[in-house]
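Residue numbers start at 1 and run along the sequence shown. Below, each value reflects all heavy atoms present in this structure, side chains not excepted, and no hydrogens, waters or symmetry copies.
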Amino acid sequence: MAKSAVLKSSIAKKVTMALSGLFLILFLAQHFFINSLSVFSPDSFNEVSHFMGYNPLVQYIIQPILIFGVVFHFIMGFVLNLQNRSARPIAYANYNGAVSATWASRNMIISGLVVLAFIGLHFYDFWVPEIMYKYVDNNPLEETRYYHELVQKFESPIRTGLYSLSFLLLSLHLWHGFNSSFQSVGFNNKYSKSLHKLGYAFAIVVPFGFIFIALFHHFNQ
């Protein structure tokens with residue numbers, strides 16, 4: 001009876017973590033779309049960024065949900081990792097993960113920690129200055145400032161390099177996480193193979209797309 005309760009609890013945690021991960025994937029795709037506009041059309045990037053920055057629905061509903069989703073996803077990841085380790089201490093001592101699992105799947109907690117650190121820096125780098133600009137310093141409304149601010153962020157080769165490295169690790173995190181999320185919620189039918197291919201494509205295209213954007217602005221100052 002106790003084992004059954006633990007099992008159900010573990011499954012519930014995996015499902016909720018998977019759902020939060022899928023939600024963050026949607027946000028990542030939307031964020032990539034907006035940032036990609038900075039390469040093709042600075043005016044469009046400014047327009048969309050201004051809309052997102054001053055839209056009440058985005059600022060007061062979606063943004064808090066996003067922050068909660070990030071925190072919840074990573075807390076659940078740590079909890080499940082500790083739970084798995086404590087459940088099979090002997091097995092872990094003799095386990096050779098390289099035989100049966102990819103590096104990405106065996107090191108989700110490591111790549112997740114790096115990604116979490118990057119998200120914290122990203123918030124500090126972009127979100128905090130935005131809050132200061134709008135609500136603390138009470139600067140005048142300036143709809144064309146976003147492109148210039150973005151380009152400035154990638155002047156430093158060190159910052160650009162760390163940004164690129166973070167997205168490389170995010171790619172590895174997504175390589176395993178995207179498909180495992182759908183497995184956790186029980187998505188297993190004739191479309192599963194196509195969905196796996198989509199997951200692998202997403203794990204490559206989106207993170208490396210972010211890297212391209214950073215390098216593009218760094219070398220086109």
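Atoms CD and CD1, from Gln59 and Ile131 in turn, are 6.5 Å apart once rounded to the nearest 0.5 Å. With rounding to the nearest 0.5 Å, the separation of OG in Ser20 from CD1 in Ile65 is 13.0 Å. Of the inter-residue distances, the one linking Leu24 atom CG with Phe74 atom CZ reads 7.5 Å to the nearest 0.5 angstrom.
Grouping the Ile, Leu, Val, Met, Phe, Trp and Tyr side chains by contacts below 4.5 angstrom, directly or via other members, places Val128 with Leu66. Leu26 and Leu174 are not part of a single hydrophobic cluster, where members link through side-chain heavy atoms under 4.5 Å apart. Hydrophobic clustering, with ILVMFWY side chains joined whenever heavy atoms are under 4.5 angstrom apart, groups Leu28 together with Phe33. Leu162 and Leu215 are members of different hydrophobic clusters when ILVMFWY side chains are connected at heavy-atom separations under 4.5 Å. Phe40 and Phe51 fall within a single hydrophobic cluster, where Ile, Leu, Val, Met, Phe, Trp and Tyr side chains are chained together by heavy-atom contacts under 4.5 Å.
Gln221 contributes a side-chain N or O that, together with a main-chain N or O of His217, makes up a donor-acceptor pair within less than 3.5 Å. For the pair Thr160 (side chain) and Ser156 (backbone), a donor-acceptor distance under 3.5 Å is present. Side chain of His218 to main chain of Phe154: a donor-acceptor pair is present (N/O by atom type, distance under 3.5 Å, no hydrogens or angles).
Both tests pass for Lys134 against the ring of Tyr54: distance under 6.0 Å to the centre and angle within 45° of the axis.
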* To do: For side-chain contact (heavy atoms from CB on, under 4.5 Å), just list the numbers for Met52 and Gln63, CA-CA rounded to whole Å, side-chain angles, deciding distance to a tenth of an Å, and then say yes or no.
  => CA-CA 10 Å; Met52 298 293 289; Gln63 191 166 259; over 6 Å; no
* Determine, step by step, whether Phe208 and Leu168 satisfy the side-chain contact (heavy atoms from CB on, under 4.5 Å) criterion, reporting the C-alpha distance in whole Å, the side-chain angles of both residues, the deciding distance to 0.1 Å, and the verdict. => CA-CA 7 Å; Phe208 280 89; Leu168 179 61; 3.7 Å; yes
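The side-chain heavy atoms of Tyr133 and Glu142, taken from C-beta on, include a pair separated by under 4.5 Å. Counting only heavy atoms from C-beta outward, the side chains of Leu22 and Ile25 approach each other to under 4.5 Å. Residues Leu170 and Phe210 form no side-chain contact, since every pair of their non-hydrogen atoms from C-beta on lies 4.5 Å or further apart. Within the 4.5 Å cutoff, no side-chain heavy atoms of Ile211 are placed close to those of Tyr163.
Minimum interatomic distance between Leu37 and Ser44 (heavy atoms only, all atoms of both residues): CD1-O, 4.1 Å. Of all the heavy atoms in Ser49 and Tyr146, the pair that sits closest is CB-CG, 3.6 Å. Considering every non-hydrogen atom in both Lys153 and Pro129, the closest pair reads NZ-CG, 4.4 Å. Nearest heavy-atom pair, Ala203 versus Ser171, reported as atom, atom and distance to 0.1 Å: O-OG, 2.6 Å.
The aromatic rings of His196 and Tyr200 sit tilted relative to each other, their planes meeting at an angle between 30° and 60°.
Aromatic rings of Phe27 and Phe23 (six-membered ring for Trp) have centroids beyond the 6.0 Å cut-off, not under it.
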